[in-house]
Colleague: 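Structure incoming, see below.
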Amino acid sequence: MEYKPRAIEIKWKNYWEENKIYKVENPKPGEATKPKFYVLDMFPYPSGAGLHVGHPLGYIASDIFARYKRMNGFNVLHPMGYDAFGLPAEQYAIQTGVHPAVSTDKNIKRYREQLENLGFSFDWDREVKTCDPAYYKWTQWIFLQLFKHYYDTDLQKAVPIEDLIEKFEANGNANINAASSSDEIFSAEEWNSKSPKQKDDVLMNYRLAYRKVSYVNWCEALGTVLANDEVKDGVSERGGFPVVQKPMLQWSLRITAYAERLLNDLDTVEWSDALKTMQRNWIGRSEGAQLFFEVENSDEKIEIFTTRPDTIFGATYMVLAPEHPLVSTLTTPEKQSTIDAYLNYVKSRSDRERMAEVKEVTGAFLGSFAINPITKTRIPIWIGEYVLMDYGTGAIMAVPSDDERDYTFATKFELPIIDVIDKADYPGAGKHDKLGKMINSGFLNGMEVPDAIEATLKQIEDLGIGQRQVNYKLRDANYSRQRYWGEPFPVKYDSDGVAHALSDDQLPLELPELEDYKPGAGGQSPLARNESWVNTEEGFSYETDTMPGFAGSSWYFLRYMDAANDTEFASQDAVNYWKDVDLYIGGTEHAVGHLMYSRFWNKFLYDKGLVPTVEPFKKLINQGMIQGVIEYIFLMKDKKEGFSHFKCAKLIEMEGQAEAVRIPVLVDFVNDYGSPNSYLSIESFKQFIAWRPEYKDAIFECSKGIYHKGVFTSKKDATDSHLFTKSEIGKMSKRYFNVVNPDDVVEKYGADCFRMYEMFLGPIEHAKPWDTKGIDGVSKFLRKFWSLFFDDDGNFSVNDTNPSKDELKMLHTAIKKVSEDIERFSFNTCVSAFMVAVNDLKKIKSNNRRILEDLVRLIAPFAPHIAEELWEKLGKMEHSKTIQEAQFPKLNEAYLKEDSVKYPIAINGKTRVFADFPADASKDDLEKAAIEIEDIQKWTDGKTVRKIIVVPNRMINIVVG
RNA sequence: GCCUCGGUGGCGGAAUUGGUAGACGCGCUGGAUUCAAAAUCCAGUUCUCGCAAGAGAGUGAGGGUUCGAUUCCCUCCCGAGGUACCA
């Protein structure tokens, strides 16, 4: 019987669905019979382009692991859902008028179909969609909990805001240690005499979800605020328009309160070092000192942060950020015009310019002087672009001798430089390395840098001019988007603008329907145009901004545990049973966004006693992207003529320059011209580009020649009608015309083949281009595997006798390799092991029932359809509804034992001869036997044997000479 | 610049604690089958020399530790990702 993958796959897909084979129950408390295991994929954003071959890579890996765990007796939670709020659906709505809910729904249906084609063992009853009111009800609820809590830094946990109010009423805030955005101190009397509005303002400085004026990425051309990840190199990712920082009233989450815990708890999770490092860098903890500098002839003090207090004797000037609040007070009348001019200059510069010209130093002298608190010398106060308002205190003490930027600044403006560290003992040490001996530094002289840091910190504290301080790069998370397609904030504002939480029974606050989704002028949200939203009948108004994309994805892993619950985000029983995600698979693009926010939300819920574990994701694997080939045509923008094609060679030179335009073209249009070049005929290109209005009148000229490995060489057979393309490996995306749809591959080869092939491509962590070159090999393997069960006439035929020693050895070699490799997520080598096993069995024409049964169970996690089919043919369905109820084969080492072992025998590490020895031979026996082998004597002839090294079961090395 | 991870045949990649480098697949070469092709099967395939047996070289480059290094250490080169006036 011929192996017809699609027929088998459709049969089992329907069977699994009808019999709810992958439905997972939450056991009642105390009644759990199996250990739990939670395997999670990062859920996809359902884009209009549909699923491409890159998406399933991680899903296949997690599905294999889930199936493997299930067959090893675990109760496995393996769900799937959709991150369904977000910008693309809204942009699509703006262009087409189709409501985002409608297009999102359509996309989800498509995704679901595509996913179901691949044989995943998801429990679809637990499917979640973040845009579903039944889901975002709880996103809103968690937001409100954040709103109703503050962070107590003594207890190191979140505490209800009512407790804080009580403390304010009794004692004011002088003795309160809490994460706060203000350092205002007030007494109980002062608190009690505040108006409700004033009290609200103060509480906002403490709430974990709070509202304040903060700087946002404003893009004038697009008329909207952008998230950080929508801004690349100072311009909008979409359109490339300039982005400026603009203050706006925004919601934020006080993630900084959790910085220390987010950092420390990284040690407890099994993530890759690369990822942990990324998170550590993002949190950016640095230890140092907070230090106050007095200003001459003024009551003002300048607060700075430094990680190098030891260098204070070299602090010869100070620099404030141009936006620093003290700038205007400290500017002397004589310098006023200079400073105004400088501030204007700074303002005129876009982020992009500031970023591009980091080497360029600019600054201006305020005219005032500060007093170095240790040396008591008078030092000038400058402002400069290189000091950033958002890090530390927005002011620094400049030590030109030991800081590169301070040095450049001092050199340019001719400020004094005092060497304070002698690095003579540490050749090669950089300015930032904390190495060397203190010089010109008073009481620090002669100390090594680490001791000097300690001594200075002590001195600073003794003198009361500052204290030890830890600083973080991590910023509070901006939580407002001037967008339509997101979760509404569950708050209402009274006429004073005070935010009130909605009560639990008012949730969810549903997103109203709109006619027009366009963002308004000046950063006004689409919802602001909805009269009943901003002027409710009760006299309140709702927030017109919506929550950002990461809101819904920060807790979805908890919802799967109890997805249909409408009285809690998930029942406590469910949460306590499933606890945390044992295995999480997804891309690195979420390394600092989603993964940081989820950890933060989880920790907050942990503080509230609502989740049992400190960290949500125990083990994390980053799957690499499957990339596509992008073919580009280069065009030169001709100043006079508009667009015209430019000669290939020069175009390559133009790459990266403003006048060069790269146009990705459809791969189907491109013909192979011999590696590494491809070409497109002018006619095809015109046909391809015709619909784009900007190229309507373009003239396309061709060049003769070929771009080859960085050199332009002319090639005789190149014709005038060939436009050469340059190919690059990159993201699969609709706009690059390189999306490969898994459905097509499945149609041709079957889902089992697709699954195994994606695994076979290489380690899951690696990025790799999609390439169907090798898929025939996997397809061939599956047919071979199938044919093991059939005789020459095509009839199902297995042999019921006892398996032979050889057969058992072949089988158990595979069992050993596959079970070890699944555990270490090396799925490509598992596939190799299957191939070896099947080839070996094929060679000895084995069709032993017991061998084949085990082989079917072994391959089931990888190729579930063919496994179910063969399992049924073997008559096993009489005992179980699915192969998922069968045991994963157990290894019996005894079958792998050999009577004799073939040893490589080396002379001085170089293998010369192979020899068989009894498996139970002792080290001494092996030594003696090895040296007596004739061939070996030939090699050792005339030389003294100095040592014989025997590694049991590995090799024998004879050292001579 | 800094941080992290990599660099192995024509290609994707194996080699799990230092122990036969190149498993497995693709591709390629030759053969069988066929009127022919596809498909299938068999054999070969790191490089150099050699008809062969065999010899030598070989895991980005150079050095080191070791009886023995793809694996550990140092220096350098190249690539990917992250991050950046972070005080």
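Because only heavy atoms are used, hydrogens play no part in the values below, and waters and symmetry mates are left out as well, while side chains stay in. In the text below, chain A, chain B and the rest are named by the order of the sequence lines, each starting its count at 1.
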Colleague: Within the distance-only criterion (no hydrogens, no angle test), does the side chain of A:K276 pair as donor or acceptor with the backbone N or O of A:V269 below 3.5 angstrom?
Modeller: yes
Colleague: Please test A:S832 against A:T829 for side chain to side chain donor-acceptor pair (under 3.5 Å), starting from the C-alpha separation and ending with a verdict.
Modeller: CA-CA 5 Å; A:S832 298; A:T829 52; over 6 Å; no
Colleague: When all nucleic acid strands are considered with a 4.0 Å heavy-atom cut-off, which category describes A:D406: base, sugar-phosphate, or nothing?
Modeller: nothing
Colleague: Does any residue of residues 775-785 of chain A have a heavy atom under 4.0 Å from RNA chain B, and if so, which ones, in number order?
Modeller: A:G777, A:K780, A:R783, A:K784
Colleague: Looking only at heavy atoms, which two atoms of A:F409 and A:G384 are closest? And how far apart?
Modeller: CE1-CA, 4.5 Å
Colleague: What distance, rounded to whole Å, do you find between the two C1' atoms, one in B:A53 and one in B:C73?
Modeller: 41 Å
Colleague: Does the pair A:R783 and A:E2 meet the rule for a salt bridge (charged side-chain N to carboxylate O under 4.0 Å, His left out), with working shown?
Modeller: CA-CA 8 Å; A:R783 287 200 299 270; A:E2 205 192 327; over 6 Å; no
Colleague: Taking only the C1' atom of each, what is the distance from B:G60 to B:U8 in whole angstrom?
Modeller: 10 Å
Colleague: A:D776: which residues meet the side chain to side chain contact (heavy atoms under 4.5 Å, CB included) condition with it, sequence neighbours left out?
Modeller: A:Y749
Colleague: Which whole-number value in Å describes the distance from A:L926 CG to B:G19 P?
Modeller: 19 Å
Colleague: Please work out if A:F914 contacts a base, only the sugar-phosphate, or nothing of the nucleic acid, heavy-atom cut-off 4.0 Å.
Modeller: base
Colleague: Please check: side-chain N/O of A:D791 versus main-chain N/O of A:G794, any donor-acceptor pairing under 3.5 Å?
Modeller: yes
Colleague: How long is the line joining CZ of A:F790 and P of B:U40, in whole Å?
Modeller: 18 Å
Colleague: Atom CG of A:N839 to atom C1' of B:A43: distance rounded to whole Å?
Modeller: 15 Å
Colleague: If we take the C1' atom in both B:G56 and B:U65, what is their distance in whole Å?
Modeller: 26 Å
Colleague: Testing the basics here: between A:A477 and A:F550, what is the closest heavy-atom pair and its distance to 0.1 Å?
Modeller: CB-CZ, 4.1 Å
Colleague: Could you encode protein contacts along nucleotides 6-18 of chain B as a string, one character per nucleotide from 5' to 3', using B for base contact, S for sugar-phosphate-only contact and - for no contact, with a heavy-atom cut-off of under 4.0 Å?
Modeller: -----SBSSSB--
Colleague: Under 3.5 Å, is there a donor-acceptor pair between the side chain of A:R755 and the main chain of A:F862?
Modeller: yes
Colleague: Is the centre of the A:F827 ring less than 6.0 Å from the centre of the A:F760 ring?
Modeller: no
Colleague: If we take the P atom in both B:G18 and B:C72, what is their distance in whole Å?
Modeller: 8 Å
Colleague: When the side chains of residues 900-911 of chain A are checked against the rest of the protein, which donor-acceptor pairs come out under 3.5 Å, sequence neighbours left out?
Modeller:
| from | atom 1 | to | atom 2 | distance (Å) |
| --- | --- | --- | --- | --- |
| A:Y903 | OH | A:N953 | N | 2.8 |
| A:N908 | OD1 | A:V960 | N | 2.9 |
| A:N908 | ND2 | A:V960 | O | 3.4 |

Colleague: Under 3.5 Å, is there a donor-acceptor pair between the side chain of A:N372 and the main chain of A:I312?
Modeller: yes
Colleague: What integer number of Å spans the P atoms of B:C47 and B:A52?
Modeller: 14 Å
Colleague: Can you tell me how far C1' in B:C41 sits from the matching atom in B:G62, rounded to whole Å?
Modeller: 49 Å
Colleague: Pick the nucleotide of RNA chain B nearest each of A:M955 and A:M389; which residue has the one closer to the 5' end?
Modeller: A:M955
Colleague: Taking side chain to side chain contact (heavy atoms under 4.5 Å, CB included) as the definition, give me every residue that meets it alongside A:S787, ordered by chain and number, with sequence neighbours left out.
Modeller: A:K842
Colleague: For RNA chain B, which residues in residues 391-405 of chain A have a heavy atom at a distance below 4.0 Å?
Modeller: A:Y391, A:I396, A:R405
Colleague: Can you sort out the partners of A:S401 under side chain to side chain contact (heavy atoms under 4.5 Å, CB included), two or more places apart, ordered by chain and number?
Modeller: A:V399, A:I417, A:D419, A:V420
Colleague: Is the glycosidic angle of B:G82 within 90° of 0, making it syn, or outside that range, making it anti?
Modeller: anti
Colleague: With rounding to whole Å, what would you report as the distance between B:U70 and B:G19 at their C1' atoms?
Modeller: 13 Å
Colleague: What's A:V951 touching, base or sugar-phosphate or nothing? Going by heavy atoms closer than 4.0 Å.
Modeller: base
Colleague: Between P on B:A87 and CZ on A:R285, what's the gap in Å once rounded to a whole number?
Modeller: 13 Å
Colleague: So, is A:N622 close to the B:C5 phosphate, meaning a side-chain N or O under 4.0 Å from OP1 or OP2?
Modeller: no
Colleague: Is there a side-chain contact between A:P400 and A:Y317 (heavy atoms, below 4.5 Å)?
Modeller: yes
Colleague: Looking only at the side chain of A:M835 (C-beta and beyond, no hydrogens), which of the listed nucleotides B:G19, B:A87, B:C24 gets closest?
Modeller: B:C24
Colleague: Any side-chain heavy-atom pair from A:M759 and A:N828 closer than 4.5 angstrom?
Modeller: no
Colleague: Grab the CH2-C1' distance between A:W271 and B:C5 for me, whole Å please.
Modeller: 18 Å
Colleague: Please give the stem ranges for RNA chain B, sorted by first residue number, where a stem is three or more consecutive Watson-Crick or G-U pairs and both donor-acceptor distances are under 3.5 Å.
Modeller: B:1-7 with B:77-83, B:10-12 with B:24-26, B:27-32 with B:40-45, B:46-49 with B:54-57, B:60-64 with B:72-76
Colleague: Provide, to the nearest angstrom, the distance between the CE atom belonging to A:M756 and the C1' atom belonging to B:C24.
Modeller: 12 Å
Colleague: Set out, line by line, the N/O atom pairs under 3.5 Å between protein and nucleotides 29-33 of chain B.
Modeller:
none

Colleague: Between B:A38 and B:U33, how far apart are the two P atoms, rounded to whole Å?
Modeller: 15 Å
Colleague: Could A:R599 and A:W271 be counted as a cation-pi pair, given that NZ or CZ must be under 6.0 Å from the ring centre and within 45° of the axis?
Modeller: yes
Colleague: With a 3.5 Å distance limit and no angle check, can you tell me whether A:S272 reaches the backbone of A:L275 through a side-chain donor-acceptor pair?
Modeller: yes
Colleague: Rounded to the nearest Å, what distance is computed from the CD atom of residue A:E287 to the P atom of nucleotide B:A87?
Modeller: 12 Å
Colleague: Please enumerate all protein N or O atoms sitting under 3.5 Å from an N or O of nucleotides 62-70 of chain B, with distances to 0.1 Å.
Modeller:
| from | atom 1 | to | atom 2 | distance (Å) |
| --- | --- | --- | --- | --- |
| B:C67 | O2 | A:N957 | ND2 | 2.0 |

Colleague: Measure CG/A:L388 against C1'/B:C86 and give the value in whole Å, please.
Modeller: 7 Å
Colleague: Please check: side-chain N/O of A:R285 versus main-chain N/O of A:R280, any donor-acceptor pairing under 3.5 Å?
Modeller: no
Colleague: Hey, what are the protein-to-nucleotides 78-83 of chain B N/O distances that come in under 3.5 Å?
Modeller:
none

Colleague: Going by salt bridge (charged side-chain N to carboxylate O under 4.0 Å, His left out), name the residues that satisfy it together with A:K817, two or more places apart in sequence or in a different chain.
Modeller: A:D821
Colleague: Given 3.5 Å as the limit, does a donor-acceptor pair link the side chain of A:Q290 with the main chain of A:G466, or not?
Modeller: no
Colleague: Could you tell me whether a side-chain N or O of A:T944 sits under 3.5 Å from a main-chain N or O of A:R946, the two making a donor and an acceptor?
Modeller: no
Colleague: Which residue, A:T408, A:T362, A:D406, forms the side-chain hydrogen bond (donor to acceptor under 3.5 Å, both in side chains) with A:Y386?
Modeller: A:D406
Colleague: Anything under 30° is parallel, anything over 60° is perpendicular, the rest tilted; go ahead and classify A:F305 against A:Y391.
Modeller: perpendicular
